[in-house]
Amino acid sequence: MERMSDQPARWSRATVYPDMWADPDDDPRNSEGVSPDGELATLQDFLTNYRMTLRMKCEGLDAEQLARRSVAPSTMSLLGLLRHLAEVERDWRNWISDDDPLPKLYGEGDADFDGAVAEQAEVDAAYSALEREQTATDAALAEHPDLGERLGKDGIAVRELMVHRIEEYARHCGHADLLRECIDGRVGQ
C-alpha cells in the first residue's frame, strides 16, 4: 500500500545526468573551451556561476512558492535569500569604502527574510535590488584589480572579499537546493 504524502516527488529536467539541474547542452553555466586565465578571472567566473545557480533555483516559481518558508523556526525562503544577498552585496561595498555606510535596504536584524512576503511586486523588487546591488559592487571592485590591495577602514584585501563573496553565494545555493526540493521536488546541482 502506497502512503499518501504532502511531500513532492523528487525530479529533475536533466536526462543525461539525473543528479544535474539541467542537461549540459541546456545549462547556461557550462562553457565550452578553456577555463579562465588568472586568479581574478577564475574568481569572477565562480562568482558568476553561483549567482546564476541561485537564479536557476528560483526560476519557474510563483510569488507564494518563492516566499514559502523552510521548516520552523527558520524564516528562510528563496525570496528571502534574494533579498538577503542584495543586502549583503550592499554591505560589501561598505567594507571597501572609507565613506559613511550605505543604509540597509530592508532594515535591521532579519528584515530581509522577515519581509519576504508572497506578493509579485515584492518578488520583482527583490530581483531588481539584487541586480542593482551586484552591478554596483562589481563596478566598485573593478576599480581595484589588484587582489592584494587592501581597502576600506579595516584594510580588507580584494582577494579576501572575492573569496568571501563566492563562499556566501555557494552556501546559500546549498540552502536554495533544499528549499527548492521542498517546494516542488526538483533536484540537481
Side-chain angles (χ1 to χ4, degrees), residues 14 16-17 19-59 66 76-106 112-113 116 123-180 187-189:
V16 177
Y17 304 108
D19 64 334
M20 299 297 285
W21 186 258
D23 286 326
D25 290 344
D26 300 327
D27 192 334
R29 299 167 299 181
N30 286 347
S31 59
E32 298 291 327
V34 182
S35 61
D37 285 330
E39 185 179 4
L40 179 57
T42 299
L43 293 170
Q44 290 169 331
D45 187 58
F46 270 85
L47 179 61
T48 297
N49 284 333
Y50 279 121
R51 285 174 169 175
M52 200 177 307
T53 298
L54 180 69
R55 286 185 175 268
M56 291 169 71
K57 295 295 177 170
C58 297
E59 284 177 352
L66 287 168
M76 190 175 289
S77 66
L78 289 169
L79 179 57
L81 286 176
L82 294 172
R83 290 165 49 100
H84 171 72
L85 286 164
E87 191 78 76
V88 170
E89 288 279 357
R90 173 172 279 221
D91 195 44
W92 284 326
R93 289 200 313 283
N94 288 332
W95 291 14
I96 64 173
S97 173
D98 292 323
D99 298 332
D100 289 336
L102 298 166
K104 295 276 191 189
L105 290 173
Y106 302 110
D112 41 2
F113 288 103
V123 171
D124 296 342
Y127 276 116
S128 177
L130 181 58
E131 184 174 333
R132 180 186 67 244
E133 297 303 321
Q134 287 172 338
T135 299
T137 303
D138 291 347
L141 282 171
E143 296 176 17
H144 306 281
D146 177 357
L147 292 172
E149 183 181 356
R150 296 197 169 272
L151 304 171
K153 295 174 183 116
D154 295 329
I156 187 169
V158 173
R159 178 181 290 102
E160 182 181 350
L161 180 57
M162 289 297 294
V163 170
H164 184 75
R165 293 171 82 198
I166 293 165
E167 177 273 333
E168 183 86 13
Y169 277 91
R171 184 165 39 90
H172 288 314
C173 282
H175 295 133
D177 285 341
L178 298 172
L179 288 162
R180 180 64 187 249
V187 297
Q189 57 188 22

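- What you find for Cys173 and Tyr50 is that their closest heavy atoms are SG-O, 3.3 Å.
- Using a 4.5 Å heavy-atom threshold, the side chains of Leu79 and Val123 count as touching.
- No side-chain donor-acceptor contact under 3.5 Å links Arg29 to the backbone of Asn49.
- Under a cut-off of 6.0 angstrom, the local environment of CG in Asp154 is sparse, with at most 12 non-hydrogen atoms contributed by other residues, nucleotides or ligands.
- For the pair Leu43 and Leu147, the minimum side-chain heavy-atom distance is below 4.5 Å.
- From Ile156, atom CD1 reaches atom CG of Leu151 across 8.5 Å, with rounding to the nearest 0.5 Å.
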Could you pull out all donor-acceptor pairs under 3.5 Å where a side-chain atom in residues 35-42 meets a protein atom, sequence neighbours excluded?
| from | atom 1 | to | atom 2 | distance (Å) |
| --- | --- | --- | --- | --- |
| Glu39 | OE1 | Arg159 | NH2 | 3.2 |
| Glu39 | OE2 | Arg159 | NE | 2.7 |
| Thr42 | OG1 | Gly38 | O | 2.7 |

Ignoring hydrogens and angles, write down the donor-acceptor pairs under 3.5 Å from the side chains of residues 95-106, residues two or more places apart or on other chains.
| from | atom 1 | to | atom 2 | distance (Å) |
| --- | --- | --- | --- | --- |
| Trp95 | NE1 | Asp91 | OD2 | 3.3 |
| Ser97 | OG | Asp99 | N | 2.9 |

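- Atom CZ in Arg55 sits 5.5 Å away from atom CG in Leu130 (nearest 0.5 Å).
- A pairwise comparison of heavy atoms in Ser77 and Leu66 identifies CB-O, 3.5 Å as the closest pair.
- Between Glu167 and Arg171 there is a salt bridge, since at least one side-chain N of the basic residue sits less than 4.0 Å from a carboxylate O of the acidic one.
- In this structure Arg93 satisfies the salt bridge (charged side-chain N to carboxylate O under 4.0 Å, His left out) test together with Glu133, sequence neighbours excluded.
- In this pair, His172 and His84 present their aromatic rings perpendicular. The plane angle is above 60°, beyond the 30 to 60° band.
- Note that CG of Leu178 is 9.0 Å distant from NZ of Lys57, once rounded to the nearest 0.5 Å.
- For the pair Leu85 and Tyr169, the tightest heavy-atom approach, listed with the atom from each and the gap, is CD1-CE2, 3.7 Å.
- For the pair Val187/Trp21, no side-chain contact is recorded, criterion being any heavy-atom separation below 4.5 Å from C-beta on.
- Minimum interatomic distance between Ala22 and Ala14 (heavy atoms only, all atoms of both residues): C-CB, 3.9 Å.
- Taking a cutoff of 4.0 Å between a charged side-chain nitrogen and a carboxylate oxygen, Arg165 and Glu89 qualify as a salt bridge.
- Separating the CG atom in Leu78 from the CG atom in Leu54 is a distance of 7.5 Å, to the nearest 0.5 Å.
- Remark: Leu161 CG to His144 NE2 distance equals 10.5 Å, nearest 0.5 Å.
- Annotation: side chain of Phe46 is not in contact with side chain of Met162 (no heavy-atom distance under 4.5 Å).
- Going from atom CD1 of Ile166 over to atom NE2 of His164 covers 11.5 Å, rounded to the nearest 0.5 Å.
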